[in-house]
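Before any comments, here is the structure.
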Amino acid sequence: MIAQVIVDVAARQTDRIFEYHIPTELEKDIAIGSRVVVPFGPRKVQGFVVGITDQSEFKGKLKDLLVVVDEMPPLTPELVKLSADLAKNIFSYRIKILQAMLPWVMRANYRKLLVPANDRAAKMPLFQGDPIDLNKITDLAEIKQFRKLLQDDQAKIEYVVENRAKKKKENQYELALKKEEYPKIYNTLRQNAVKQKKLLMDIIDNAADYPKSQSQLEKQLGLTAASLNSAITKGWLNKKSVEVYRDPLSGFDDGEHKTAVTLNGEQQGALNQITQAIEQRQAETFLLEGITGSGKTEVYLHAISKALKQGRNALMLVPEISLTPQMVRQVKARFGQEVAVLHSALSEGEKYDEWRRIRRGETKVVVGARSAVFAPLDNIGLIVIDEEHESSYKQETDPRYNARDVAIWRSKFHNCPLVLGSATPSLGSRARAQKNVYHLLRLTERANQKKLPKVNLIDLKHVQFAGGQFDLSVELVDAIKKRLAKKEQVILMLNRRGFANFMLCRECGFVLKCPNCDVSLNLHKDTNSMQCHYCGHTEPVPTRCPNCQSSQIRFLGAGTQKVQEELEELLPGARILRMDVDTTRRKGSYKKILDSFGAHEADILLGTQMIAKGLDFPNVTLVGVINADTGLWLSDYNASEKTFELLTQVAGRAGRADKEGEVLIQTYNPEHYAIQLAQTQDYERFYGYEMNMRHAGNYPPYFYTVLISIAAKKEQNAAREAFRIKRYLNEHLHEPTIILGPTPSAISRVKNQYYYQILVKYKKEPNLNELLHHVQDSAQEAKKYGLSIFIDNEPERIM
DNA sequence: AGCACGCCGACT
DNA sequence: GTCGGCGTGCTC
Ligand SMILES: [Zn+2]
Ligand SMILES: [Zn+2]
């Protein structure tokens, strides 16, 4: 038998199948999806089996496959097939996709060890210590020494493929004898055998509870490993090593399994349509457009129940940022132990454990962020993507996949419906619903009949600022005071899109920039340094302008910390919680802040975008947006859409409970349509208006887009290659396709590489995929000049 | 991607 | 003569 293997070598030339002979002793362990170790040239690498045949086209002699790593193939045949389709569409190597589908611990760790070649060499002092990893040796003298040893046949190289995945094991003790035997043994024991008697007593009294774990026995009976070992040698107990899962959710399940909330008419209507598709096994995509508070989550949970009732499983994706303890608790309360949660806050070991529970079919519902779309869940009856407009569903680094597209693929594979939910659907999804590609379901009432909050705009051009800074208007501060006097709570959002704490000299206008990239350095107060967010460059905070030596330097861009200080000055005694990347970096701190605010241990929650997501605090009656405009300054074609989404979402945080809600939005552009329509919370009108803008600008969803980025050490090389690609595309593409560029990218230099980009907008180009693959291949030749090319299908950002 | 192989100039 | 630089081609 022959295995077709994709090897763990990410390169154009190795991005294909390599075949290996399967030794007969491995035949029973191997299957499609197996993770294996194979010889590859002089070394050994990890790989994945994507096919098994008995015929080979290969002319040479096939090598033997060396190891099958896992007992159960980590990839299902479905995922193997998906990886092939995806590789074609997103211009990524197949191995990269296969790896993205699996927990990080399944990536191999390679070591290249220098080992003695004979008994005499083995006695050398060099080989007495830790093994020598040649990949880690940098000392030139050592390298020379080793080379000599290799030449003299005193040493040889051993390639090692290490598995990072460690299963947590625990010893379990089971009864080795019949129940009746133990009292007899008890009577023969010596008087001073205290521990032994204790153990036998427990066995006699609680025989049904066995097997018991080592930690259990140690804790309950105060036994030591020694006394347990003697029980084994005496033949009372048998020891076995059992795999245990780390349980990251133990804190979330409050035990009581809540029953479903009754749905209102609209919710029920939506549910009925989804249910029908589940039952009739239709791979239909629904767009559930529901205003904030309309109870979309309830519809999802009901639909998941329906799928489970049909004996099928369910997959639910939520944005990383909304995968909050609140959210997890809600799902766990409904479906209990059958839920697996894949979350970036879990440790790598915990992720691996959760993932294995899914792979073994021990869970029926999977909840997770983007990468959970690859969960090895079988027999899927429903897929849900909540907040489908979120750009985080598109991965912005190498396998640039969009979880929505993957979900559509899987929905077709399983013949199950896909539900995309949002209060502010992405324009593309909404347009597809208009053309009946998706099935539109609308929820227009708040489920609890509460009124939408009143939204007012504060025009920062004609306003008095409170305090000495230009961040908080008198109007906003007064409104906060009023709420605090009534013992109500306030959420304040600082929009930080495209904004940062950079250093500006007031004398000469100098802005401190990164030496490697074309961006300004950001002030980090926690580490008291200036940092580059693109390459990680760090330098001390200057006290004088590096250009003119003036001491008149300022740090611009309102940070949450600065606003917090202002608030403390303007509202003495107010208790303020701050939530941003700095205060949520530590594990669990996010939950801590929210719990504290929920318990009314603070009056004001001040934060960045991350507070805009579905947090629900009944006592919050005022939401303030400190700066609505920053997003609009970005000249990306979807800047208005993103701003509208953010404002609508944050406004939804107010007045969810029985108290009337108020939203105040500070802006320099009160006449901008995105802000005007966010004020009236009118998604449908925004959709209509924005579609006109996109039509006029020839942008998505009227056109498909592909972004080609070209990077090189020398700027002219990047530019030259970019123009060459443009000419090539020009020759092969036709009306109404539009090719924009090449232009230097918005951040024209990152890590000392210059970036140029070309944007292709098209309606129908059947050959485009092939052309772009050709562009990618031809770049391989250009690699000599230090060129690299990245192709992003349907980019989220083009600037 | 790594790694070997081979060719060429530079240094014991 | 041999060491080490890099260009070229291959990995089942
Ligand atoms: Zn200056
Ligand atoms: Zn940088």
Side-chain angles (χ1 to χ4, degrees), chain A residues 1-24 26-27 30 32 34-69 80 84 87 91-100 106-115 117 132-153 155-162 397-399 711 713 717 753 776-790:
Chain A
M1 291 229 288
I2 293 160
Q4 302 183 314
V5 176
I6 299 288
V7 292
D8 179 16
V9 180
R12 188 85 245 159
Q13 290 160 310
T14 51
D15 186 29
R16 58 185 179 86
I17 284 167
F18 287 87
E19 292 179 317
Y20 291 88
H21 171 252
I22 305 170
T24 36
L26 293 181
E27 276 182 9
I30 205 164
I32 288 182
S34 285
R35 183 164 59 129
V36 293
V37 177
V38 292
F40 197 66
R43 48 194 177 131
K44 292 179 204 166
V45 294
Q46 183 169 284
F48 295 94
V49 176
V50 297
I52 293 175
T53 59
D54 40 23
Q55 291 284 313
S56 172
E57 302 277 276
F58 186 60
K59 302 278 190 306
K61 183 168 163 35
L62 293 181
K63 289 187 183 176
D64 272 7
L65 190 141
L66 301 174
V67 183
V68 178
V69 183
V80 170
F91 306 95
S92 188
Y93 302 134
R94 197 155 170 206
I95 187 65
K96 288 264 181 187
I97 296 168
L98 291 168
Q99 282 175 334
M106 293 203 141
R107 286 182 201 197
N109 185 34
Y110 295 106
R111 300 214 291 168
K112 183 179 168 185
L113 302 181
L114 187 76
V115 294
I132 304 154
D133 189 340
L134 293 176
N135 288 328
K136 297 213 173 89
I137 305 290
T138 47
D139 185 74
L140 234 81
E142 278 188 317
I143 291 174
K144 233 173 175 169
Q145 184 199 352
F146 296 157
R147 192 148 40 203
K148 187 97 178 63
L149 285 172
L150 286 167
Q151 237 166 34
D152 298 349
D153 278 335
K156 56 186 181 186
I157 290 172
E158 195 173 291
Y159 292 91
V160 181
V161 183
E162 280 181 345
T397 53
D398 192 342
K713 281 259 175 292
N717 284 348
Q753 291 254 335
Q776 211 174 28
D777 291 348
S778 69
Q780 204 65 10
E781 295 156 32
K783 224 166 194 165
K784 301 192 248 291
Y785 313 106
L787 271 155
S788 34
I789 292 188
F790 311 93

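The chains referred to below are lettered A, B, ... by the order of the sequence lines, with proteins before strands, and numbering in each begins at 1. Bear in mind that the values here come from a model prediction, so they are computed numbers and not experimental data.
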_Within residues 2-10 of chain A, residues whose heavy atoms come under 4.0 Å of DNA chain C_ = none
*What is the distance from NZ of Lys112(A) to P of dC3(B), rounded to the nearest Å?*
4 Å
_Looking at Asp15(A) and Arg94(A), would you say the former's side chain and the latter's main chain have a donor-acceptor pair under 3.5 Å?_
yes
*What is the nucleic acid contact for Phe58(A), judged by heavy atoms within less than 4.0 Å: base, sugar-phosphate only, or nothing?*
base
*Under 3.5 Å, is there a donor-acceptor pair between the Gln46(A) and Asp8(A) side chains?*
no
Within the sub-3.5 Å range, which N or O atoms of nucleotides 7-12 of chain B have a protein N or O partner, and how far apart are they?
none

*Any side-chain donor-acceptor pair under 3.5 Å between Gln776(A) and Arg12(A)?*
yes
*Under a 4.0 Å heavy-atom cut-off, which of residues 41-48 of chain A touch DNA chain B?*
Pro42(A), Arg43(A)
*How long is the line joining CZ of Arg107(A) and C1' of dA1(B), in whole Å?*
15 Å
*Could you give the CD-to-P distance, from Glu19(A) to dT11(C), as a whole number of Å?*
13 Å
*Check each of Ile97(A), Val49(A), Val80(A), Val50(A) against Ile6(A) using the side chain to side chain contact (heavy atoms under 4.5 Å, CB included) test, and report the only one that passes.*
Val50(A)
*Phe18(A) side chain, from C-beta outward: closest of dC12(C), dA1(B), dC3(B)*: dC12(C)
*In whole Å, what is the span from the CZ atom of Arg94(A) to the P atom of dA1(B)?*
20 Å
*Just how far, in rounded Å, is P of dT2(C) from CD of Gln151(A)?*
11 Å
*Rounding to a whole Å, what distance do you find between Tyr159(A):OH and dA1(B):P?*
17 Å
*asked:* For a quick check of understanding: with a heavy-atom distance under 4.0 Å over all strands, which category does Arg16(A) fall into, base, sugar-phosphate or nothing?
replied: base
*asked:* If I take atom CD1 from residue Ile137(A) and atom CD1 from residue Ile132(A), how far apart are they, to the nearest 0.5 angstrom?
replied: 6.5 Å
